[in-house]
2 protein chains.
Amino acid sequence: MALAYDYKDVHFLPTAQRNGDPVCALFRMGVTMAFAKDEEVYGQDEEADLIYRVLEGGVRTTRVMADGRRQIGDFYLAGDIFGLETGPRHRFSAEAVRDSVILVVKASILRSAGGELERLGWEATRRELERAQEHVLLLGRKTACERVASFLKDLSDKCGGVPVVDLPMGRQDIADYLGLTIETVSRMLSQLQSGRIVSFCATRQFRVVNAEALARLADQAQ
Amino acid sequence: MALAYDYKDVHFLPTAQRNGDPVCALFRMGVTMAFAKDEEVYGQDEEADLIYRVLEGGVRTTRVMADGRRQIGDFYLAGDIFGLETGPRHRFSAEAVRDSVILVVKASILRSAGGELERLGWEATRRELERAQEHVLLLGRKTACERVASFLKDLSDKCGGVPVVDLPMGRQDIADYLGLTIETVSRMLSQLQSGRIVSFCATRQFRVVNAEALARLADQAQ
DNA sequence: CGCTTTATTGAGGGCGGTCAAAGAGCGTGG
DNA sequence: CCACGCTCTTTGACCGCCCTCAATAAAGCG
């Protein structure tokens with residue numbers, strides 16, 4: 001079960017995100033909660049009256065079809081905001097991909113604030129939209145290999161210059177994000193590794209060996 | 001080439017959309033332009049300082065990969081607003097799917113307005129996001145048949161109760177929207193027709209014969 | 001160290017893609 | 001009005017990428 005922490009836990013955030021950041025100011029009004037791996041943060045069709053920020057761990061938003069087919073909308077890692085992507089009700093559910101700590105704040109604060117905060121909400125929604133549009137291109141027109149390459153590159157870029165990137169999520173989550181099966185993901189990872197493009201030091205840790213080749217595979221799109 | 005019309009051409013809009021609609025009030029400040037089939041409304045990476053509303057015809061937003069693979073982000077028909085889906089620059093280009101008339105207004109009016117208009121911009125962005133998320137589910141987890149069924153149902157729903165729905169776009173556009181080839185789209189349309197689910201009276205005109213079966217195919221997702 | 005979960009690898013099959021040709025729709029001009 | 005040519009669509013035959021099913025291997029965890 002999720003445990004409520006004191007709001008002072010905001011100090012979990014990297015320093016760069018604490019100073020002079022209106023988003024951070026907003027979340028100082030929130031409450032910190034812990035979620036176990038696979039625990040639901042919010043459910044599909046639930047009321048969307050809270051917004052969230054990942055402090056530790058990671059979150060996925062998912063949509064499940066009647067027969068069990070699953071699509072992951074996006075992943076959110078430390079520092080990311082999620083939950084404001086919809087109208088009055090969530091159209092995806094959100095779950096922790098592993099044990100996570102999450103800041104929660106009332107969405108009404110954003111929506112009714114006006115001025116800077118409201119523009120911030122719009123900005124965040126717009127970023128979500130841009131990510132969704134990239135996702136559409138990936139799912140509509142990229143091959144399995146390109147999808148996996150795009151995924152690794154995105155994650156690597158996000159972690160900005162870290163030599164070894166770690167994957168917070170399992171292979172099944174990656175597959176459900178990329179519109180593939182777990183076997184195909186595994187095969188493509190092996191293929192990228194044997195092609196000396198990436199190198200896995202552990203199941204969930206890799207380093208980019210040939211960044212240019214990775215980018216070429218990922219970014220055929222202009 | 002696009003021709004500028006007088007702003008009074010706002011009367012092209014259906015009556016229901018003219019009275020007491022702040023969006024309409026906004027667009028009264030705009031200019032009407034005509035675009036020929038396949039003519040570009042705006043290009044990828046162009047500055048996004050205008051927003052648009054379709055009066056007649058239809059528009060597609062597209063993204064083309066380096067090797068020519070094409071993905072259509074969405075279609076916009078009479079009454080729809082588009083162009084505000086991005087940050088400072090467009091990430092998709094927009095083209096008329098056939099001869100079209102489009103209202104154009106400065107985006108800065110929306111962005112800097114504050115209050116109701118700004119919230120309107122946010123709402124519109126959020127609707128775009130929801131459509132993009134549905135699109136992600138479709139591309140990631142639906143079969144070719146389900147994709148085509150979803151497409152026809154969406155269009156039919158949008159035209160709300162019209163007995164005969166017409167497709168403003170060609171098969172290639174449908175294929176590029178659904179992440180399929182033109183041949184597969186054609187085959188699935190034939191299949192849906194021989195299954196007595198829809199019926200094409202012309203290449204670009206169909207009626208829904210078995211709405212329940214169509215919905216079952218389209219909406220396996222809850 | 002044994003048990004469970006997760007990931008990898010292989011063999012084979014099917015859905016959708018590719019290539020090719022025929023057919024339908026449509027504007028133009030005789 | 002029909003003939004012609006162009007584009008768009010449909011249909012068929014075949015192929016390949018990715019999925020399915022199955023077995024093995026590795027990792028996590030008590």
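Numbered from 1 within each chain, the chains take letters A, B, ... in sequence-line order. Worth knowing before you read on, the calculation uses all heavy atoms, side chains too, and leaves out hydrogens, waters and symmetry mates.
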A/Lys142 side chain vs A/Leu137 backbone, donor-acceptor pair below 3.5 Å
no

Starting at atom CG of B/Asp176, determine the distance to atom C1' of D/dC8, rounded to an integer number of angstrom.
14 Å

Inspect the contact between A/Lys153 and A/Glu146 and indicate whether a charged nitrogen and a carboxylate oxygen are less than 4.0 angstrom apart.
no

Expected rows: protein N/O vs nucleotides 25-27 of chain D N/O, under 3.5 Å:
none

Covered region of DNA chain C, 5' end to 3' end, by chain B [heavy atoms, under 4.0 Å]
C/dG16 to C/dG25

Atom-to-atom span, CD of B/Gln205 to P of D/dT9 - whole angstrom
14 Å

With B/Asp80, which of B/Lys158, B/Arg131, B/Arg53 fulfils salt bridge (charged side-chain N to carboxylate O under 4.0 Å, His left out)?
B/Lys158

Contacts of type side-chain contact (heavy atoms from CB on, under 4.5 Å), residue A/Ala94, not counting sequence neighbours
A/Val41, A/Tyr42, A/Val59, A/Thr61, A/Phe82

Tell me: CD of B/Gln172 to C1' of D/dT9, nearest whole Å?
11 Å

Can you pull every protein N or O that's under 3.5 Å from an N or O on nucleotides 15-21 of chain D?
| from | atom 1 | to | atom 2 | distance (Å) |
| --- | --- | --- | --- | --- |
| D/dC18 | OP1 | A/Ala144 | N | 2.8 |
| D/dC19 | OP2 | A/Thr181 | N | 3.4 |
| D/dC19 | OP2 | A/Thr181 | OG1 | 3.2 |
| D/dC19 | OP2 | A/Thr184 | OG1 | 2.4 |
| D/dT20 | O4 | A/Arg187 | NH2 | 2.9 |
| D/dC21 | N4 | A/Glu183 | OE2 | 3.0 |

Only pairs under 3.5 Å count here: list side-chain donor-acceptor contacts from residues 192-203 of chain A, not counting sequence neighbours, and write none if there are none.
| from | atom 1 | to | atom 2 | distance (Å) |
| --- | --- | --- | --- | --- |
| A/Gln193 | OE1 | A/Phe200 | N | 2.6 |
| A/Ser194 | OG | A/Ser190 | O | 3.3 |
| A/Ser194 | OG | A/Gln191 | O | 3.1 |

If you apply the rule side chain to side chain contact (heavy atoms under 4.5 Å, CB included), what do you find for A/Leu167 with A/Phe151, and how did you get there?
CA-CA 10 Å; A/Leu167 298 164; A/Phe151 180 76; 3.9 Å; yes

About how many Å separate CZ of B/Arg141 and CG of A/Leu180, when rounded to the nearest 0.5 Å?
7.0 Å

Heavy-atom check, side chain of A/Glu128 versus side chain of B/Glu128, under 4.5 Å:
no

Validation: residues 95-102 of chain B side-chain donor-acceptor distances under 3.5 Å, sequence neighbours left out:
| from | atom 1 | to | atom 2 | distance (Å) |
| --- | --- | --- | --- | --- |
| B/Glu95 | OE1 | B/Arg60 | NE | 2.8 |
| B/Glu95 | OE1 | B/Arg60 | NH2 | 2.9 |
| B/Glu95 | OE2 | B/Thr62 | OG1 | 3.2 |
| B/Glu95 | OE2 | B/Ser93 | OG | 3.0 |
| B/Asp99 | OD1 | B/Lys37 | N | 2.7 |
| B/Ser100 | OG | B/Gly58 | N | 3.0 |
| B/Ser100 | OG | B/Gly58 | O | 3.2 |
| B/Ser100 | OG | B/Arg98 | O | 2.6 |

May I have the distance from A/Arg171 (atom CZ) to D/dG28 (atom C1'), rounded to whole angstrom?
14 Å

Run the salt-bridge test on B/Arg216 and B/Glu212 with the 4.0 Å N-O cut-off and return the result as yes or no.
yes

Check against side chain to side chain contact (heavy atoms under 4.5 Å, CB included), A/Arg70 and A/Asp173:
CA-CA 9 Å; A/Arg70 192 177 75 144; A/Asp173 282 344; 2.6 Å; yes

Regarding A/Arg147, tell me which of base, sugar-phosphate or nothing describes its non-hydrogen contacts under 4.0 Å with the strands shown.
nothing

Please report, rounded to the nearest Å, how far the C1' atom of D/dT11 is from the CZ atom of B/Phe200.
16 Å

Between C1' on D/dT10 and CD on B/Gln191, what's the gap in Å once rounded to a whole number?
14 Å

Nearest-Å distance for atom pair CZ/C1', residues B/Arg98 and D/dT7:
18 Å

